[in-house]
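The next block holds one structure in the form of structure tokens; read it before the comments.
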Amino acid sequence: MPLLANGTQEREESAWAVISPVVRRYVLGSRRIMRCVVLGVLAGMVAAAASGFGLPFMIRYVFPVVFGEAQPPEAVRVWLEAHVAADEMSSAVLWSAALLIPLIMAVRGVATYLNAYLLTKAGMLALSDMRTEIFARLQWLSFSFHDRKKRGDLMTVVVQYTQNIQQGLITILNDILIQPFILVAAVGYLLFAALTSRESAMLLGNLIITAAVIPVIHFVGKKLVKHVRKSLVGMNIITSTIEETLSAQREVRAFNLEKRQEGLLQEAIRYFNRMLMRIAIWQHLLTPLVEIVTALALSFALYRGAQDGLTLEQFTAIATAFYFCYDPVKRLGATANCCQMVRAGIEGVNEILHAKDETPEPAAPQPLPQPTRGAVDFRNVCFGYVEDTPVLHDITVSVPPGQVVALVGPSGSGKTTFINLVCRFYDPDSGSVSIDGVDVRQLTRAERTRAIGLVSQFSALFRGTIRENIRVGNPGADDAAVERAAERAKVDEFANTDPAGYDRMLEEGGNGLSGGQRQRVSIARAFLKNAPILILDEATSALDMKSEAAIQGALQELAQGHTTFIIAHRFSTIRMASRILVFESGRIVADGPHAELYESCVLYRHLYDEQVRREEHGKESAC
């Protein structure tokens, strides 16, 4: 158990305390799901009654009539005498008794089918709602949360954990409601038999033995939840290893890491399999334990029945009822174990659903002034990704509307972090960042994103057409506006070479387009969005010089009339900037135009000269 601050142990919540909020949220909170659950449970209760009471009753009272060892009940006999000729009475009694068997089994079969179908449908609807909510939550949680989590772990939660929860909830909702009903029906028959044949002692003796399985179920459940949690960790490692390897195929092959990655995966699989085997050991141990108790109880029943002169029909009926008592107990024990397994999955889901949003929506949002001009102000801003490890130190700077500003400095000096704070991907530890005088923390996400356009180093393209990918910049834009933006970004130069044109389908990540073509689509988005603030984050660093030269004109046109921040290691990209901020170790150490900084700032002059030498060397190599 976890320790509290005072050193005492925190009491761990029961499995049902963890599961019940999920049931309330995704089952009781949805009318369509609740309808399926109610109808499914009612069908299950009908099946339970047919099993727990109907079958023992048939063995005790119907079978003897079929074999001529007993007469039908008085009411049935009177009805038959009124409707059946005397010479056909024997045959009518036989048919009436015999037809009860398929009738009860048909009721039981149809009810069982409806129970399984309706509860499965309820589980699938709940699974869809849960996955959708988790996915939506992931998109709203701060970048700090995603920095702390592995993508593979999050994918496992969305896909595997929720699947386990859905399957477990179906079992729990079914068995926790239906099995007690079967138990009550079977006990009801035992009470009926005891009262009519004076076998109360045998009944009570067996029920006392039944209680012996309760501590066993509890012990097995505790062992299960321990190993289920470990198995989920193993699944996370497997998923993360596969995701990491597939997303870095170039590096894996370039550095001959195939065997290394296979070894990591095999180690993770071995750990996962060990946990699964331990789960199987404890999960399947419960059934033989309960069956041993059942056998002891039945042997006690046989002994007492023989002593008390019980007939074969009476004993067979009581033994069948006992089976329908112990089977629910056994299945309820398995349900208790299932609760522990579902609990472990819910704990993983809750880490997402209950995670603190570190960039929450404002309680009283403020709108940006219209028209939005795009002035950006930093006031005494300090920030660190990790506590007590600052990345930016006391940044104070004002950028007027329409100014083009380049951010220059060594890697790790704070340039990208500066941009992240403008976009409010993170909140500063102290100080404030504002747009047109409004603190970005007081802006809604929709308001803030409308004001900022972003062209990054690795532009994300989505499955869909080129037209749809450009329209990401402004979902409400018509086709004419999309095509004008595409022409300004020179997308038409390659789009029109394909018969489908702008309706050409792109695969995941824009596969099939070159780096320069993907970047042009990203620039077209920014043209279409036409936001007052534009961020060019290493927009050409992944391109060769020829591709960069082709895009430079589009970038210059895009920056006109917008407050623009440019991060680039290639100084060819920042020549359009009228102002340059030089970063070093999280501080702005110089601020001014190129000519002034080249004379006054040693760091800037060193960075500029080094880049010029690289460009000249690149030209010589190309020749």
Side-chain angles (χ1 to χ4, degrees), residues 368 370-374 401-405 423 435-436 446-507 509-543 546-566 568 572-578:
L368 285 170
Q370 298 300 324
T372 303
R373 300 166 63 238
Q403 189 172 64
V404 179
V405 180
C423 298
I435 297 174
D436 285 357
E447 182 88 1
R448 189 173 64 253
T449 54
R450 276 196 298 269
I452 300 173
L454 174 66
V455 181
S456 60
Q457 178 179 1
F458 301 106
S459 300
L461 301 188
F462 305 97
R463 287 192 190 92
T465 64
I466 294 175
R467 187 188 310 277
E468 290 168 344
N469 270 277
I470 295 174
R471 190 175 274 124
V472 167
N474 182 2
D478 58 25
D479 287 347
V482 170
E483 292 177 14
R484 283 196 299 272
E487 290 170 3
R488 296 176 70 183
K490 306 297 188 290
V491 175
D492 59 320
E493 292 181 1
F494 65 86
N496 290 334
T497 61
D498 190 281
Y502 294 110
D503 294 317
R504 171 186 172 184
M505 289 297 298
L506 302 180
E507 298 299 324
N511 287 341
L513 298 182
S514 68
Q517 290 170 340
R518 286 195 293 268
Q519 206 67 332
R520 292 187 193 187
V521 173
S522 182
I523 294 170
R525 286 176 183 168
F527 272 119
L528 187 63
K529 188 170 188 177
N530 195 31
I533 299 173
L534 174 65
I535 295 172
L536 305 177
D537 186 1
E538 301 282 8
T540 62
S541 63
L543 307 179
K546 182 178 180 180
S547 299
E548 180 185 15
I551 287 177
Q552 282 295 343
L555 292 177
Q556 290 180 6
E557 181 183 352
L558 179 60
Q560 289 178 5
H562 300 87
T563 305
T564 304
F565 294 94
I566 303 172
S572 56
T573 306
I574 67 174
R575 285 171 185 157
M576 70 179 81
S578 58

**OP:** Would you name the heavy atoms of Asp436 and Gly374 that are closest together and state the gap between them?
**Re:** OD1-N, 3.0 Å
**OP:** Look up atom CG in Leu536 and atom CG in Leu454, then write down how far apart they are to the nearest 0.5 Å.
**Re:** 8.5 Å
Original post:
Does Ala495 have any side chain to side chain contact (heavy atoms under 4.5 Å, CB included) partners at least two apart in sequence or in another chain, and if so, which?
Top reply: Ile466, Val491, Tyr502
Original post:
Where is the tightest heavy-atom contact between Ala489 and Ile523, given as atom of each residue plus distance?
Top reply: CB-CG2, 3.9 Å
Original post:
Tell me the salt bridge (Lys or Arg N to Asp or Glu O under 4.0 Å) pairs involving residues 468-477, sequence neighbours left out?
Top reply: Arg471-Asp479
**OP:** Examine distances only and state if a side-chain atom of Gln556 and a backbone atom of Met576 form a donor-acceptor pair shorter than 3.5 Å.
**Re:** no
Subject >> Selection residues 523-536 - residue pairs positive for side chain to side chain donor-acceptor pair (under 3.5 Å), sequence neighbours left out >> reply: Asn469-Arg525, Asn530-His562
Subject >> Results of salt bridge (charged side-chain N to carboxylate O under 4.0 Å, His left out) for Glu487 - residues two or more places apart only >> reply: none
Original post:
Taking all atoms of both residues into account, what is the closest heavy-atom pair of Arg520 and Lys490, and its distance?
Top reply: NH1-O, 3.1 Å
Original post:
Roughly how far, to the nearest 0.5 Å, is the CG atom of Leu506 from the CD atom of Gln517?
Top reply: 10.0 Å
Original post:
How would you list, by chain and number, every residue that makes a salt bridge (charged side-chain N to carboxylate O under 4.0 Å, His left out) with Arg488, sequence neighbours excluded?
Top reply: Glu557
Original post:
For Thr564, which residues count as a side-chain hydrogen bond (donor to acceptor under 3.5 Å, both in side chains) partner, sequence neighbours excluded?
Top reply: none
**OP:** Return the minimal non-hydrogen interatomic distance between Ile470 and Ala486, and the atom names on each side.
**Re:** CD1-CB, 3.8 Å
**OP:** List for me each residue that meets salt bridge (charged side-chain N to carboxylate O under 4.0 Å, His left out) alongside Arg484, sequence neighbours excluded, and say none if there are none.
**Re:** none
Subject >> Contact summary for Arg450 and Pro532, nearest pair of heavy atoms >> reply: O-CD, 4.1 Å
**OP:** May I ask you to test the Thr563-Ile435 pair for a side-chain heavy-atom distance under 4.5 Å?
**Re:** no
Original post:
With side chains defined as the heavy atoms from C-beta onward, is the minimum distance between Phe494 and Val521 less than 4.5 Å?
Top reply: yes
**OP:** Under the salt bridge (charged side-chain N to carboxylate O under 4.0 Å, His left out) rule, collect the residues that match up with Arg504, sequence neighbours excluded.
**Re:** none
Original post:
Taking all atoms of both residues into account, what is the closest heavy-atom pair of Leu558 and Ala526, and its distance?
Top reply: CD2-CB, 3.7 Å
Original post:
To the nearest 0.5 Å, how far apart are CG in Leu461 and CZ in Arg518?
Top reply: 7.0 Å
